Amino acid sequence: MKFTGIRFISIVFAVLNLTCTCYAGQTRTFFNIGLGDAVVKSASATKATRKESPGAFSVNIDFPLSAQYYIFAEHFRSLGTSGSSVGFTGAGLKFYPWLSPQQTKKVVGKDKSEISHRGFLYYGGGGVGFSQASVLSNSTQEDALAAGLYVSLKAGAEYPFSDFWGVVSEWNYGTALAGSGKIEAVNLLFGTYFTF
């Protein structure tokens with residue numbers, strides 16, 4: 001299973017790296033932190049269930065496929081009092097139903113006139129990938145180890161301050177559908193993005 005997860009992650013980042021060359025100046029990188037809750041049901045014989053909260057963080061990159069659709073790679077993790085033991089890594093698609101990031105760029109005319117459209121950018125999306133959890137035992141609870149393929153849902157709002165950076169708020173949910181054990185996480189994140 002470990003080899004399959006490494007292969008999947010390598011393929012996702014290779015595709016994103018090749019595509020980023022085509023969209024130079026449009027690739028955005030997101031850094032988010034916020035509240036989160038992850039629950040792990042172990043694949044071991046004890047079937048131990050552990051919870052990790054109250055924090056979460058994520059790192060994402062995205063780039064446009066068209067005006068309304070963006071493809072993304074994501075990595076989000078839970079943050080508990082003893083560290084970060086539950087992670088999700090994958091790729092997916094975001095949809096901007098009204099105003100999209102490409103529609104907020106500053107346009108300069110031949111006569112030096114400028115047009116700039118600003119506003120909140122609302123989106124929804126989903127992804128697939130590989131999840132893993134290894135919440136270690138303590139004096140009162142046993143290990144909770146699980147891994148598998150996951151699906152995720154997300155919804156959020158962005159506000160661009162310029163063509164190069166902005167702020168974002170996002171809700172996301174991920175659950176492992178196939179693999180050993182069970183992993184679920186829900187997060188409410190806040191952060192910023194930069195265009196490279």
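Remember, predicted model here, so these are calculated numbers, not experimental data.
A pairwise comparison of heavy atoms in R77 and G87 identifies NH1-CA, 3.6 Å as the closest pair. Nearest heavy-atom pair across F190 and S169 is CE2-OG, 3.3 Å. Contact between S78 and A38 at its shortest, heavy atoms only, is CB-CB, 3.8 Å. Residues T192 and G166 approach most closely at OG1-O, 2.7 Å, considering heavy atoms. The nearest pair of heavy atoms linking A144 to R50 is CB-CG, 3.4 Å.
For the pair N32/N187, no side-chain contact is recorded, criterion being any heavy-atom separation below 4.5 Å from C-beta on. Using a 4.5 Å heavy-atom cutoff, the side chains of L189 and N172 are in contact.
No donor-acceptor distance shorter than 3.5 angstrom exists from the side chain of H75 to the backbone of G90, with no hydrogens or angles considered.
A distance of 10.5 Å separates CD1 of I183 from CG of L149, quoted to the nearest 0.5 Å. In this structure, CG on L79 lies 9.5 Å from OG on S85, to the nearest 0.5 angstrom. Note that CG of D62 and CZ of F30 are 4.0 Å apart. Values are rounded to the nearest 0.5 Å.
Residues F194 and Y159 fall within the same hydrophobic cluster, defined by Ile, Leu, Val, Met, Phe, Trp and Tyr side chains chained together at heavy-atom separations under 4.5 Å. In the hydrophobic cluster analysis, where Ile, Leu, Val, Met, Phe, Trp and Tyr join through side-chain heavy atoms closer than 4.5 angstrom, F63 is grouped together with L93. Under a hydrophobic-cluster definition in which Ile, Leu, Val, Met, Phe, Trp and Tyr are linked whenever side-chain heavy atoms come within less than 4.5 Å, directly or via other members, V167 and F31 are assigned to the same cluster. There is a path of hydrophobic side-chain contacts, each under 4.5 Å, that joins F161 to F120. Both Y70 and Y193 belong to a common hydrophobic cluster when Ile, Leu, Val, Met, Phe, Trp and Tyr are linked at side-chain heavy-atom distances under 4.5 angstrom.
Applying the salt bridge (charged side-chain N to carboxylate O under 4.0 Å, His left out) rule to E158 yields the partners R28, K94; only residues at least two apart in sequence or on another chain are considered. Looking at residues two or more places apart in sequence or on another chain, you find a side chain to side chain contact (heavy atoms under 4.5 Å, CB included) between S53 and D37, K51.
Both tests do not hold together for K154 against F76: distance to the six-membered ring centre under 6.0 Å, angle to the ring axis within 45°.
Classified by interplanar angle (parallel below 30°, tilted 30° to 60°, perpendicular above 60°), the ring pair F95/Y69 is tilted. Aromatic ring pairs are classed by plane angle as parallel below 30°, tilted from 30° to 60° and perpendicular above 60°; the pair Y173 and W171 is parallel.
Each of L153, V39, V151 was evaluated against T175; a single residue qualifies, V151, per the side-chain contact (heavy atoms from CB on, under 4.5 Å) test.
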Under 3.5 Å donor-acceptor pairs involving side-chain atoms of residues 121-136, not counting sequence neighbours:
from, atom 1, to, atom 2, distance (Å)
Y123, OH, E170, OE1, 2.6
S131, OG, G148, O, 3.0

